[in-house]
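The structure follows.
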Amino acid sequence: MNGYTREDVIRLVQEEDVEFIRLQFTDMFGNLKNIAITANQLERALDNRCMFDGSAIDGFVKVEESDMYLYPDCSTLAVFPWRPQQGKVARMICDVHYPSGEPFAGDPRYVLKRAIAEAEKMGYVFRVGPECEFFLFNTDENTLPTTDTHEQAGYFDIGPLDFGENARRDIVMTLEDMGLVVEASHHEMAPAQHEIDFRYDEALVTADNIMTFKLAVRTIAKRHGLHATFMPKPKYGVNGSGMHINMSLHQEGRNIFEDPGDPMGLSREAHWFIGGIMKHISGMAAVTNPLVNSYKRLVPGFEAPVYIAWSATNRSPLIRIPSVKGEGTRIELRSPDSAANPYLTLAVCLRAGLDGIANRIEPPSSVEGNIFSMTDQERERLNIRQLPGTLIEAVEELKKDSFICDALGPHLAGKYIEAKEAEWHRYRSHVSEWEIQEYLYRY
């Protein structure tokens, strides 16, 4: 976050010869939306007088209450490096408000702000570092996306095996031009799969950065003749794309998850935070894993978590404790995927963890063995439950978890559940190619 004020924005737009400003916001599915204005309309936008039709956005409002207003966050001003250098294009991320001036309850950014306010009441600052994975696929002769790739690169491979190396380098440079601090990037396990990690930051900044990241990845990939997708499992038989969330709480500048006297280096608050997430993770799944396709990733054999457990020594559980100690002590939640709305995902993670702290919810004992190699009886003896196996199971768990529904707010929770039930119905009634090949000649 750059700390720009209204005056800074007006000055920078003039000095940088910015001609267009995109006022961006996010819908409940995590899709980026925007209204573009010219520079001569900037002051009107900064006065919060830019209106749009909220009834046209899925999950927002009805036609009879459709007027919504965008309130730009000046600290999010950034110039798009890929646009022309004369008559530049910039953006500001906005909050959505009712005509009365009240924040719109269905704005995902507001849902995260509410969760952050709860943490602040308890004296905490929530800091987050994401690990964002995606695929770079070829496009066809009409520039439409495919799932084709000619490369066979694997984990940490380099060019010439890694065909996407040049695109990934340009993505990293673009992100840095926009103010993100990229810590690492590499080829992932599956052919055409990549990961870029950027710096840990406060939760709202991180969620904004994830949205900026996705826009930059798609834009630069297209310039390389590629299609970037954050679909969790675009190809059968290979790893899917996750968005692991590394989390810690800070108080008066200190990471309160650290405790050098604990065998795992974790404080009581860290244990309780884990307990809260494990208590609510099934209810959170429809948010952290929001698509029918998300549950094709959450299957054994492809490194994605399936079982609700935690560990400091292996990567098979839902929650991993990285080996770094001191100020770097953190909890890594491994179930969220790259299609998740970052504002809602961080909001439910934070609220669940705070519930654990407020009610001193102790997690079960950590699991040190490989959960995937255990028998059903061994898992049952250790009381290791499974994550929901389908989107509709996750939606039913969300409906049962009144705490997570409250974290989302009644408006958004109701609209979200309704939309996901409709998505499942469309999927359930569709006849797939697999069914044709499996059944057509046999029955």
Is the ring pair H97/Y71 parallel, tilted or perpendicular, if the boundaries are 30 and 60 degrees?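 Rings of H97 and Y71: parallel, as their planes differ by under 30°.
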Could you tell me if the ring centre of H187 sits under 6.0 Å from that of Y155?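 Not under 6.0 Å, so no.
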Report yes if the side chains of K400 and L398 come closer than 4.5 Å at any heavy-atom pair, otherwise no.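 Side-chain contact under 4.5 Å: no.
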Taking atom types as modelled and ignoring hydrogens, do the side chains of Y200 and T206 form a donor-acceptor contact shorter than 3.5 angstrom?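 Not at all, the side chains of Y200 and T206 share no donor-acceptor pair under 3.5 Å.
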Check: P342 main-chain N/O paired with T345 side-chain donor or acceptor under 3.5 Å: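 A pair under 3.5 Å: no.
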Give the intermediate values and the outcome of side chain to side chain donor-acceptor pair (under 3.5 Å) for residues S294 and D337. CA-CA 7 Å; S294 297; D337 63 48; 2.7 Å; yes
Heavy-atom side-chain contact between I116 and L346 under 4.5 Å: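 No, too far: nothing below the 4.5 Å cut-off.
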May I ask you to check if K233 and F302 form a cation-pi contact, with NZ or CZ under 6.0 angstrom from the six-membered ring centre and within 45° of the axis?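 Relative to the ring axis of F302, which defines the angle, K233 lies inside both limits.
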Kindly say whether G389 contributes a backbone atom to a donor-acceptor pair with the side chain of E393 at under 3.5 angstrom?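 Yes, because the side chain of E393 sits within donor-acceptor range (under 3.5 Å) of the backbone of G389.
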Atom pair CD1/CD1 of I319 and I281 - distance to nearest 0.5 Å: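 The distance works out to 6.5 Å.
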How far apart are the C-alpha atoms of M68 and I57, what are their side-chain angles, what is the distance that settles it, and do they pass the side-chain contact (heavy atoms from CB on, under 4.5 Å) test? CA-CA 11 Å; M68 311 294 288; I57 307 297; over 6 Å; no
Can you tell me if E332 uses its side chain to pair, donor with acceptor, with the backbone of R320 under 3.5 Å?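 Looks like no, no N/O pair under 3.5 Å.
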Does the D201 side chain pair with the main chain of V205, one donor and one acceptor, at a distance under 3.5 Å?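 No: the side chain of D201 does not pair with the backbone of V205.
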Mark yes or no for whether K325, through its side chain, and E258, through its backbone, hold a donor-acceptor pair below 3.5 Å.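 Side chain of K325 to backbone of E258: no pair is present.
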In terms of the angle between their ring planes, are Y98 and F104 parallel, tilted or perpendicular, with boundaries placed at 30° and 60°?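 It falls in the perpendicular class, over 60°.
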In terms of the angle between their ring planes, are Y427 and W424 parallel, tilted or perpendicular, with boundaries placed at 30° and 60°?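 Aromatic pair Y427/W424 classed tilted.
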May I ask you to say whether K113 pairs ionically with D95, meaning some side-chain N is under 4.0 Å from a carboxylate O?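 Salt bridge: yes.
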How long is the gap from CZ on R91 to CG on L77, to the nearest 0.5 Å?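 It is 8.0 Å, given to the nearest 0.5 Å.
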Does the distance from a Lys or Arg side-chain N to an Asp or Glu carboxylate O, for E421 and K399, drop under 4.0 Å?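 Salt bridge present between E421 and K399.
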Closest non-hydrogen atom pair, D27 against P108: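 In this case the closest contact between D27 and P108 is O-CG, 3.4 Å.
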Looking only at the side chains, is there a donor atom on one of E368 and S311 sitting less than 3.5 Å from an acceptor on the other?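 S311 and E368 do have a side-chain donor-acceptor pair below 3.5 Å.
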Using side-chain heavy atoms (C-beta onward) and a distance below 4.5 Å, is L249 in contact with V125?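 No - every pair of side-chain heavy atoms lies 4.5 Å or more apart.
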Approximate separation, where rounding is to 0.5 Å, of L440 CG and E433 CD: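 Between L440 CG and E433 CD, I get 9.5 Å after rounding to 0.5 Å.
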After noting the C-alpha distance and the side-chain angles of L70 and N48, does the key distance pass the side-chain contact (heavy atoms from CB on, under 4.5 Å) rule? CA-CA 6 Å; L70 295 175; N48 305 324; over 6 Å; no
State, to 0.1 Å, how close N289 and L391 come at their nearest heavy-atom pair, and which atoms those are.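 So the minimum-distance heavy-atom pair works out to O-CD1, 4.3 Å.
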Going by heavy atoms in the side chains, are D355 and H280 under 4.5 Å from each other?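 Yes, close enough: below the 4.5 Å cut-off.
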F230 and its ring pair (Phe, Tyr, Trp, His ring centres under 6.0 Å) partner, picked from F137, F135, F134: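 Passing option: F134.
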Got a donor-acceptor contact below 3.5 angstrom from the Q193 side chain to the A190 backbone?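 Between the backbone of A190 and the side chain of Q193 there is a qualifying donor-acceptor contact (under 3.5 Å).
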Any donor-acceptor pair under 3.5 Å linking the side chain of S267 with the backbone of I256?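 Yes, S267 side chain to I256 backbone: donor-acceptor pair under 3.5 Å.
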Spell out, as yes or no, whether a donor-acceptor pair under 3.5 Å connects the side chain of K415 to the backbone of G106.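 The answer is no, because no donor-acceptor pair under 3.5 Å joins these two groups.
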Should we say atom CD of E252 is surrounded by more than 12 heavy atoms from elsewhere, each under 6.0 Å from it?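 Incorrect, the count does not exceed 12.
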Sub-3.5 Å donor-acceptor pair from the side chain of R351 to the main-chain atoms of L112, do we have one?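 A pair under 3.5 Å: no.
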Donor-acceptor pair, side chain of R297 and main chain of Y295, under 3.5 angstrom: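 A pair under 3.5 Å: no.
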Output the distance between atom CE (M278) and atom CE (M284), rounded to the nearest 0.5 Å.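 Nearest 0.5 Å value for the CE-CE distance: 12.0 Å.
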Is it true that R268 and D259 make a salt bridge, defined as a side-chain N closer than 4.0 Å to a carboxylate O?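 Looking at R268 and D259, the cut-off is not met.
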To check you understand the geometry: which heavy-atom pair defines the closest contact between V111 and A347, and what is its length?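 Smallest heavy-atom distance, with atoms named: CG1-CB, 3.8 Å.
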Worked check of side-chain contact (heavy atoms from CB on, under 4.5 Å) between E327 and H250: CA-CA 10 Å; E327 277 301 300; H250 294 248; 3.9 Å; yes
So, do R385 and S282 sit near enough that their side-chain heavy atoms are less than 4.5 Å apart?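 Side chain of R385 against side chain of S282, heavy atoms only: contact under 4.5 Å found.
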Does this structure show an ion pair linking R199 with E183, if we count only N-O contacts that are shorter than 4.0 Å?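 A salt bridge is absent here (no side-chain N lies under 4.0 Å from a carboxylate O).
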Roughly how far apart are E195 CD and R168 CZ, rounded to 0.5 Å?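 Between atom CD of E195 and atom CZ of R168 there are 10.0 Å.
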Would you say the rings of W434 and Y236 are close, in the sense that their centroids are separated by under 6.0 Å?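 No, they do not, as the ring centres are separated by 6.0 Å or more.
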Is there side-chain contact between T229 and P145, with at least one heavy-atom pair below 4.5 Å?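 No, too far: nothing below the 4.5 Å cut-off.
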Working to the nearest 0.5 Å, report the span between CD of Q386 and CG of L298.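 The CD atom of Q386 sits 10.5 Å away from the CG atom of L298.
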Do C132 and I196 make a side-chain contact, defined as non-hydrogen atoms from C-beta onward lying under 4.5 Å apart?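 Sidechains of I196 and C132: no contact.
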What pair of heavy atoms forms the shortest contact from S241 to M231, and how long is it?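 Closest pair (atom of S241, atom of M231, distance): CB-O, 4.2 Å.
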Residue pair T329 / G265: nearest heavy atoms and the distance that separates them: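 Distance-wise, the nearest heavy atoms are CG2-O, 3.9 Å.
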Say whether N246 and E131, considering side chains only, have a donor N or O and an acceptor N or O under 3.5 Å apart.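 Present: a donor and an acceptor within the cut-off.
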State plainly whether the residues D170 and R223 are in salt-bridge range, i.e. N to O under 4.0 Å.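 A salt bridge is absent here (no side-chain N lies under 4.0 Å from a carboxylate O).
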Counting the benzene-type ring for Trp, do F156 and H186 have ring centres under 6.0 Å apart?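 F156 vs H186: aromatic centres under 6.0 Å.
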Stepwise, does the side-chain contact (heavy atoms from CB on, under 4.5 Å) test hold for N209 with F198? CA-CA 9 Å; N209 285 345; F198 43 90; 3.6 Å; yes
In terms of ring plane angle, is the pair W310 and H271 parallel, tilted or perpendicular, where the classes change at 30° and 60°?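 Taking H271 first and then W310, their aromatic rings stand perpendicular (interplane angle over 60°).
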Using side-chain heavy atoms (C-beta onward) and a distance below 4.5 Å, is F52 in contact with V96?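 Yes - at least one pair of side-chain heavy atoms lies under 4.5 Å apart.
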For A340 against T288, the heavy-atom pair lying closest together: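 Nearest heavy atoms, A340 then T288: CB-O, 3.5 Å.
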